[in-house]
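Following: one structure in structure tokens, then a few remarks.
All values below were derived from every heavy atom in this structure, side-chain atoms included, with hydrogens, water molecules and symmetry-related copies excluded. In the text below, chain A, chain B and the rest are named by the order of the sequence lines, each starting its count at 1.
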Amino acid sequence: MSAFKGLTTIIMAGGRGERLFPLTRDKAKPAIIFGGIYRIIDFTLSNCLNSGIRRIYVLSQYGSFSLDQHLRVSWDLMRPELGEYIYSIPPQQITVDRWYRGTADSIYQNLKLLDEERPRQVLILSGDHVYKMDYGLMLDFHRSKGADLTVAAVPAPRREASAFGVLHVDADQQVIGFLEKPPEPPGMPENPDYSLVSMGIYVFEAEVLVRELIADAKNPKSQHDFGRNIIPQMVGRRKVYAFSFKDPVTREPGYWRDIGQLDAYFAAHLDLLGEKPVFDLYGGDWPIRGHLSPLPPAKYLGQHKPVEVTDSLISPGCVLHEARVSRSVLSPQVQIGQGAEVEEAILWDGVKIGMGAKIRRTVIEDGVNVPPRFTIGYDRKADARRFPVTEGGVVVVPNNVVLEGSG
Amino acid sequence: MKTILVVDDEDAIRNLIAEEMREEGYEVLTADNARDALKIVEDQPLDLVILDIRMPGMDGLEALPRILGLKENIKVILNTAYSVYKESFMSWAADAYIIKSSDLNELKAKVKELIGSGS
């Protein structure tokens, strides 16, 4: 605990998540269901808990009720009498009359909170990333370098790197160049097929952060964003270091995904599956805390034919009847009827798949009733007439549509 | 002509500063509380605000981010009898922090440095 004395931890969780529409039409992105029983923010919160951080501010804005509700239901475990807390803070309009204009502005608007806490360092996290990380190692690195700012970084394939901030570092890990979302990301000297990208996770010296935020707030040309404005303006002027995020066991670059759009949401689910998943929820050493519900175990019913389930995650309360499920993630209380086939599907809470229905490469929101013999994911044109279909060909079935007929 | 807003709840101090700034050739507006000051910032073109901290109602440190929220380019000098607020993060958003004195030379020099001389 003492390692985190003098540290204030802030999770930014206010973004609109437009590229995750329609999943975000009534929810904050960090409150979206992920991996059956989790919400995306559970990974960052669990990382805090596993790292020993028990004082956390969550800056919310868009769809804040969904987030507050989740924090109340699943994360009401801090002990205020020990100085522990998770507080959710929407724009309070006590310093300025406006919404959060960007990531940097969300912290600027809460300067008073930093003034009251007077931390030495501020750890800034994001509520929409999937990864396991010990923030203590990053804090140690930051302090050992005497850095003003440390940016967590991980190699990403060059063609994907243009979605991120790309770092150029010297042999001592000092950042000597930063490009936000470059169309042609430069490769790493030792590995030209990869670029070193910012994970959007920062440790700041508190006083440096305050001065940078104030200067940024006064700049009318700024978009008040860490990646676009604050970080590039600090490189070369302040001591900025990159912390290489590595798997503590293999020493290979760690698994980290920004769930920024629907195809990434879908792909990150497939990473959970298989005997040796790319991202393992079953390690045991780094528990991820999800929603705990008093539901009965999953039940498989096979009167004439067995239920066939392969490479899937099945949550409590699910009932599967003589169905075939493969490479799928089922949230609690999903029901699948006789003869139905479900392949590479993400089914949220309480989804009902009727008898003989066929579902492939589809995300289905909570409570949707798929009628018997209905098919989704087999005819892209037909799907696109009814539902959003992503660039990667993933169908999304929101729960504000009624499915009728046999498709 | 450069315009300055003087915000102070004490009449004597506010009038003294206003008078001296007019003599320096600046156009001067005044407010005896932060809420009126915010209204003026919103409605009038201004170059600089001289802002007291301890005032009844909204204090200067609460008013400062609101002033910058309305006009981010406006220069602000905190002018207070107390030095303790200098440590407050909230005060760091000001362009200068000056301890009140009957001798206004330091204040005048700072105003000139920030927005140039009057008229």
Donor-acceptor contact present, side-chain Asp115(A) to main-chain Phe89(B), <3.5 Å: yes
Neighbour count above 12 (heavy atom, 6.0 Å) for Arg237(A) CZ: yes
Residue Glu207(A) versus chain B: region with a heavy atom under 4.5 Å: both
Exceeds 12 heavy-atom contacts within 6.0 angstrom, atom CD of Glu117(A): yes
Flag if over 12 foreign heavy atoms under 6.0 Å of CZ, Arg25(A): yes
Atom pair CD (Glu72(B)) and NZ (Lys221(A)), whose distance is rounded to the nearest 0.5 Å: 11.0 Å
Reported CD1-to-CG distance for the pair Ile214(A) and Leu64(B), which is rounded to 0.5 angstrom: 8.0 Å
Engaged part of Glu116(A) at the chain B interface, taking heavy atoms whose separation is under 4.5 Å: neither
Arg118(A) CZ: over 12 foreign heavy atoms closer than 6.0 Å: yes
Over 12 foreign heavy atoms within 6.0 Å of CZ, Arg19(A): no
Test side-chain contact (heavy atoms from CB on, under 4.5 Å) applied to Lys218(A) and Asp95(B), Asn73(B), Ile74(B), the passing residue: Asp95(B)
Pairwise distance CD(Glu62(B)) to NZ(Lys112(A)) - rounded to 0.5 angstrom: 5.0 Å
OH (Tyr85(A)) with more than 12 external heavy atoms under 6.0 Å: yes
Interatomic spacing from CG in Leu70(B) to CG in Asp97(A) - rounded to 0.5 Å: 7.5 Å
Nearest non-hydrogen partners of Val210(A) and Trp92(B), listed with the distance: CG1-CE3, 3.6 Å
